[in-house]
2 protein chains.
Amino acid sequence: MTARTPDSARDIPEATVARLPVYLRALTSLAEDGTTTCSSEELAASAGVNSAKLRKDLSYLGSYGTRGVGYDVEYLRYQIAREIGVTQDWPVVIVGIGNLGHALANYSGFRSRGFRVVALLDADPRRHEEVVAGLDVRSFDDLESIVAEHDVSIGVIATPAVAAQDVADRMVATGITSILNFAPTVLSVPDGVDVRKVDLSIELQILAYHEQRKSGLPTAEVLS
Amino acid sequence: MTARTPDSARDIPEATVARLPVYLRALTSLAEDGTTTCSSEELAASAGVNSAKLRKDLSYLGSYGTRGVGYDVEYLRYQIAREIGVTQDWPVVIVGIGNLGHALANYSGFRSRGFRVVALLDADPRRHEEVVAGLDVRSFDDLESIVAEHDVSIGVIATPAVAAQDVADRMVATGITSILNFAPTVLSVPDGVDVRKVDLSIELQILAYHEQRKSGLPTAEVLS
DNA sequence: GCCGTTTTGTTCTCCCGTTCACAAACTCCT
DNA sequence: AGGAGTTTGTGAACGGGAGAACAAAACGGC
Ligand SMILES: NC(=O)c1ccc[n+]([C@@H]2O[C@H](COP(=O)([O-])OP(=O)(O)OC[C@H]3O[C@@H](n4cnc5c(N)ncnc54)[C@H](O)[C@@H]3O)[C@@H](O)[C@H]2O)c1
Ligand SMILES: NC(=O)c1ccc[n+]([C@@H]2O[C@H](COP(=O)([O-])OP(=O)(O)OC[C@H]3O[C@@H](n4cnc5c(N)ncnc54)[C@H](O)[C@@H]3O)[C@@H](O)[C@H]2O)c1
């Protein structure tokens, strides 16, 4: 509305934002295969979406394709990365270095996709002896200084559910404004702070619901 | 339409299905606190949703509340669990016992929420020496016999991306019809098979997008 | 230089999901 | 028993996203 869009501040629909990373990955994959140009049809197939949806999504970023030709893979990849903001690395802290925290710390996919784990924190002093993925596990009390030092704005919570709200509160207090939460709890945070949750049990329960349906109906599933 | 709903076969909107597990968890939490009755307002707050949405969601299951009073926590909890299909355990196999697979195998939240891990499979023979969470890590070739023996219909993929499609194909061939995929790939499966994906990097990239927006705008964020 | 072919960008329509708002229904108090 | 006060269940308005369909634009062949 206010039309004072300095560069590319059009607001992109949330559903589109959620798909841009998928396109980014598909483009990276195509680039690795040596493909330099692709049509919306090919890219859509690679990303698992409808080609009309893909084109509409990309149109929010600008006109980066060429009619009759398609998209330049490398150019489009860069434009999407720039729009998402992963052309340079984001520092991230992980809190709660238990089963899941270890896996996250060891995950190489973060680094390659624009994120750098700068610290691993845990409340349990016994954990502080450990070195995971080349990083010392440090005291949760070091949160403030680490966030200040590395200018961290993204935090990951992998603690038990009971501790998650406390951890979130501390994160917010130190200036973190984006949280990825693995604990099965609803976090309450002030306006201006984004929270996304990943909840395995919910995903499995959704599958279970459909599974129950399948076995219920006799064979009235397919129609093609 | 066809109105031949044997028991409770009304089709529940997908968005509602995705929230039922959240309500289930909120109700369990309330029950543990000793609450026996709750209003839609309380339950909605506990689940982090709008109360009107909650009531509409619940109305798809039936009329399980009492006007002027609210919902019986234990009764509603059971009704939702039954609708989702987690009143008895679902057997699950996990394929790919690396960093993430270990964390999943050790996760106690599955058992308590209606799922039972019956086998851990890995293609790497060196893994077969291991015992994780009380289960032997077995050869991927045992998939068929394990699925047949335990009547498994849900599989979890925690292998590297390159192997994921192969694993999915094998799963489908053995009769698995629901897959939870952690590998960053688009899986293609036949009709009748459900796939849900969990992708950490995508979640972080969505956060990064909004984070970039925040730092762009000066302070035009809050208005309350 | 022009025409047919290809593929993008966009418009239009439809559908799903969210939210408001209110009547119906139940409890409790007098 | 009746009325005031609560709270559910749902009809209706609204907004956003998905997909079909097409016009505009670029390329290649002649
Ligand atoms: N393991 C999985 O595969 C998995 C799957 C889905 C969800 N989860 C969820 O992720 C979270 C972590 O799971 P996990 O299996 O790693 O648990 P875990 O018990 O192995 O690890 C939790 C860690 O958090 C630390 N911790 C506890 N309180 C803390 C605090 N206040 N501040 C900082 N650190 C604190 C503990 O010392 C421990 O090291 C849980 O909420 C769990 O429900 C785990
Ligand atoms: N570790 C994390 O926190 C994390 C986070 C997000 C996504 N992921 C994704 O999850 C997957 C697993 O991650 P990880 O860190 O555990 O990797 P990992 O390399 O530690 O483990 C992968 C395991 O899969 C096994 N495997 C390989 N090919 C197989 C096959 N064809 N059949 C059966 N088993 C096979 C390997 O032997 C290995 O044990 C990857 O796709 C990764 O991108 C991991």
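Lettering of chains follows the sequences in order, A, B, ..., and the numbering in each one begins at 1. Note that the structure is a prediction, hence the values are computed from the model and not measured.
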Q: Closest to the S39(B) side chain: dT7(D), dT10(D), dT10(C)?
A: dT7(D)
Q: Quick check: on DNA chain D, is the nucleotide nearest A52(B) upstream (toward 5') of the one nearest A15(A), or the reverse? Name the residue that is more 5'.
A: A52(B)
Q: Would you say the side chain of R77(B) lies within less than 4.5 Å of the side chain of Y23(B), judging by non-hydrogen atoms?
A: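 The answer is no, as the side chains (C-beta and beyond) never meet within the 4.5 Å cut-off.
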Q: Taking only the side-chain nitrogens and oxygens of R19(B), find out if one of them lies under 4.0 Å from OP1 or OP2 of dT18(C).
A: yes
Q: Below 4.0 angstrom from OP1 or OP2 of dG9(C), is there any side-chain N or O of S63(A)?
A: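 Indeed, a polar side-chain atom of S63(A) lies that close.
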Q: Using a 4.0 Å heavy-atom cut-off across all strands, classify E41(B) as base, sugar-phosphate, or nothing.
A: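 Nothing: the residue E41(B), judged by heavy atoms under 4.0 Å, touches no strand.
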Q: Tell me which nucleotide among dT10(D), dT8(D), dG9(C) gets nearest to the side chain of S40(B).
A: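 Nearest to the side-chain atoms of S40(B), counting from C-beta on, is dT8(D).
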Q: I'd like to know whether V167(B) forms a side-chain contact (heavy atoms from CB on, under 4.5 Å) with I157(B), so could you lay out the CA-CA distance, the side-chain angles of the two residues, the decisive distance to 0.1 Å, and finally the verdict.
A: CA-CA 7 Å; V167(B) 172; I157(B) 299 180; 3.9 Å; yes
Q: Mark yes or no for a side-chain to base donor-acceptor pair under 3.5 Å between K56(B) and dG9(D), with no hydrogen or angle criteria applied.
A: no
Q: Rounded to the Å, how far apart are K53(B) NZ and dT10(D) C1'?
A: 17 Å
Q: Take atom CG of D72(A) and atom P of dT8(C), then tell me their distance rounded to the nearest Å.
A: 13 Å
Q: Please state how far atom CG in L54(A) lies from atom P in dG9(C), giving the value in whole angstrom units.
A: 10 Å
Q: Which nucleotide, dA26(D), dG19(D), dT19(C), lies nearest any side-chain atom of N50(B)?
A: dT19(C)
Q: Ring centres under 6.0 Å, that's the criterion: do Y78(A) and Y75(A) meet it?
A: no
Q: Between dG17(C), dT8(C), dA24(C), which nucleotide gets closest to the side-chain atoms of R67(B)?
A: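 Looking only at side-chain atoms, R67(B) lies closest to dA24(C).
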Q: Given dG9(C), is OP1 or OP2 found less than 4.0 Å from the side-chain N or O atoms of Y71(A)?
A: yes
Q: Kindly point out which of dT10(C), dA21(C), dG17(D) is positioned nearest to the side chain of R55(B)?
A: dA21(C)
Q: Whole Å only: how far is the CG atom of D57(B) from the P atom of dT8(D)?
A: 14 Å
Q: Within this structure, what is the CG-to-P distance between L43(B) and dT7(D), rounded to whole angstrom?
A: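 It works out to 14 Å between those atoms.
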Q: Round to a whole Å and report the spacing from CD of E14(B) to C1' of dG17(D).
A: 16 Å
Q: Please report the distance, rounded to the nearest Å, between CG in L76(B) and C1' in dG9(D).
A: 14 Å
Q: Let me see the working for I206(B) and E14(A) under side-chain contact (heavy atoms from CB on, under 4.5 Å), right down to the final yes or no.
A: CA-CA 9 Å; I206(B) 294 171; E14(A) 198 52 36; 4.0 Å; yes
Q: Please say whether the positively charged group of R170(A), taken as NZ for Lys or CZ for Arg, lies over the ring of F140(A), i.e. under 6.0 angstrom from the six-membered ring centre and within 45 degrees of the axis.
A: yes
Q: Under 4.0 Å between a side-chain N or O of T66(A) and OP1 or OP2 of dA26(D)?
A: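 It does not, given that no N or O in the side chain of T66(A) lies less than 4.0 Å from OP1 or OP2 of dA26(D).
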Q: Whole angstrom is fine here: how far is it from CG in L58(B) over to C1' in dT8(D)?
A: 10 Å
